[in-house]
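Remarks on the structure that follows.
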Number of protein chains: 2
Amino acid sequence: MKDNDIDIIDKQLIKLLSQDGRMPAKELAQKLDVSAPTINSRMKALVKRGILKVAGLVDTFRTKNILVAIIAIRVDDVSKMAKIIDQLMEFKQVHWAVAVTGRYDIFAEVIVTEGIEWMFKFYADEMSKLDGVSHSESFMVTNTRRKWTLLPPDIQGWV
Amino acid sequence: MKDNDIDIIDKQLIKLLSQDGRMPAKELAQKLDVSAPTINSRMKALVKRGILKVAGLVDTFRTKNILVAIIAIRVDDVSKMAKIIDQLMEFKQVHWAVAVTGRYDIFAEVIVTEGIEWMFKFYADEMSKLDGVSHSESFMVTNTRRKWTLLPPDIQGWV
DNA sequence: GCTGAAAGTATCAAGTA
DNA sequence: TACTTGATACTTTCAGC
């Protein structure tokens with residue numbers, strides 16, 4: 001099977017798991033009309049191939065002490081984009097970074113667990129290290145709907 | 001316990017689940033030094049309170065036929081913001097919508113499963129319905145890092 | 001929130017297409 | 001190579017504390 005070929009059973013499995021990530025393999029098996037071992041081996045294969053991850057998500061607006069900001073970046077040279085995204089991802093608090101078309105080149109989401117003053121520190125200490133950023137803007141998230149957030153693995157100051 | 005009070009065990013539980021959402025309750029119990037029934041009751045309580053969700057996530061860049069766009073919106077009247085966010089969330093393909101401070105008022109992420117031409121349709125049919133939008137921009141996501149996406153529950157055209 | 005027994009579930013090896 | 005079956009080992013659940 002080719003690297004990102006997934007069949008209809010995989011897709012349905014992903015869809016069921018996106019509704020309830022802890023649904024037992026037996027129940028998934030019944031719904032998809034295959035055996036439980038098949039579900040488990042497919043699930044493991046999808047995880048191993050980097051297509052699927054089953055994880056606990058939090059609603060950041062019901063969770064004290066978690067702030068979210070979106071940062072928009074323009075680069076001065078498109079060839080530096082990949083490197084900047086890589087550098088952004090190295091910052092523990094960066095939840096995701098994406099390259100986009102349009103007015104900006106990169107969007108990143110930052111999870112702030114150490115108080116709003118940390119944003120200043122992030123700009124002063126980390127953003128300043130990035131080479132090739134011609135402009136950046138930050139947007140603090142003040143309200144949200146149906147936004148489940150996967151906490152970054154190395155999150156600090158929260159637990 | 002107040003509505004969004006969560007204690008240290010809840011936080012550690014969320015952190016462990018954010019790494020592996022299918023970790024058995026028994027294993028979680030050992031790591032947190034409590035009993036398995038305690039883990040299960042806490043997990044259920046967190047889900048019921050809307051703080052936690054355990055779900056399957058996909059890497060949209062390893063999954064064919066899934067495109068992602070970010071839409072930025074300015075409103076002409078701040079009092080309309082809540083309503084616009086609500087309307088955005090009603091569109092099946094809108095994965096999340098957030099109110100932000102800064103140049104824009106709202107960011108939303110759209111999951112496109114029916115081909116890039118669907119973006120045109122989304123603008124023509126749906127965005128035009130929104131009252132109070134003074135400006136909007138779209139950004140197609142062309143590359144991403146460590147971005148796990150929870151598929152919207154009503155996603156169509158993919159499965 | 002814990003303990004222990006009953007019920008249910010996951011996993012492995014073997015076998016089949 | 002990918003699936004199913006059935007036995008064994010494990011985990012979850014529920015009542016009682």
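Order of the sequence lines sets the chain letters (A, B, ...), proteins ahead of strands, with each chain counted from 1. This structure is a prediction, so every number in the text was calculated from the model and none was measured.
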It should be established whether Arg42(A) places a side-chain nitrogen or oxygen under 4.0 Å from OP1 or OP2 of nucleotide dA2(D).
no
Angle between ring planes, Tyr104(A) versus Phe139(B), binned at 30° and 60°: parallel, tilted or perpendicular?
tilted
Could you state the atom-to-atom distance from CD of Glu27(A) to P of dT13(D) in whole Å?
12 Å
Reading DNA chain D from 5' onward, which residue's closest nucleotide shows up sooner: Asp33(A) or Arg22(A)?
Asp33(A)
Could you state the CG-P distance from Asp10(A) to dA2(D), rounded to the nearest angstrom?
11 Å
Which donor-acceptor pairs under 3.5 Å do the side chains of residues 21-33 of chain A make with protein atoms, sequence neighbours left out?
{"residue": "Arg22(A)", "atom": "NH1", "partner": "Gly21(B)", "partner atom": "O", "Å": "2.8"}
{"residue": "Arg22(A)", "atom": "NH1", "partner": "Met23(B)", "partner atom": "O", "Å": "3.0"}
{"residue": "Arg22(A)", "atom": "NH2", "partner": "Met23(B)", "partner atom": "O", "Å": "2.8"}

Think Ser41(B) has a side-chain N or O under 4.0 angstrom from the OP1 or OP2 of dG1(C)?
no
Between Asn40(A) and dT11(C), does any side-chain N or O lie under 4.0 Å from OP1 or OP2?
yes
If only side-chain N and O atoms count, and only distance matters, is there a donor-acceptor pair under 3.5 Å linking Glu126(B) with Gln87(B)?
no
Closer than 4.0 angstrom, basic N to acidic O: yes or no for Asp7(A) and Arg42(A)?
yes
Please tabulate, one pair per line, each protein N/O and nucleotide N/O from nucleotides 12-17 of chain C that are separated by under 3.5 Å, including the distance.
none

Can you figure out which of dC3(D), dT3(C), dT11(D) approaches the side chain of Lys26(B) most closely?
dT11(D)
Rounded distance (Å) that lies between atom P of dG1(C) and atom CD1 of Ile8(B)
14 Å
Starting at CG of Leu46(A) and ending at P of dA2(D), how long is that distance when rounded to a whole Å?
12 Å
Indicate whether the side chain of His95(B) and that of Gln93(B) have a donor and an acceptor atom separated by less than 3.5 Å.
no
Separation of Met23(B) atom CE from dT11(D) atom P, in whole Å?
13 Å
Round to a whole Å and report the spacing from CD1 of Ile39(B) to P of dT13(D).
12 Å
Considering all heavy atoms of both residues, which atom of Ile6(A) and which atom of Arg49(A) are nearest to each other, and what is their separation?
CG2-NH2, 3.9 Å
Kindly determine whether Thr60(A) and Thr63(A) satisfy side-chain hydrogen bond (donor to acceptor under 3.5 Å, both in side chains), including the steps that lead there.
CA-CA 5 Å; Thr60(A) 49; Thr63(A) 318; over 6 Å; no
Look at all strands and tell whether Ala25(B) reaches a base, only sugar-phosphate, or nothing, counting heavy atoms closer than 4.0 Å.
sugar-phosphate
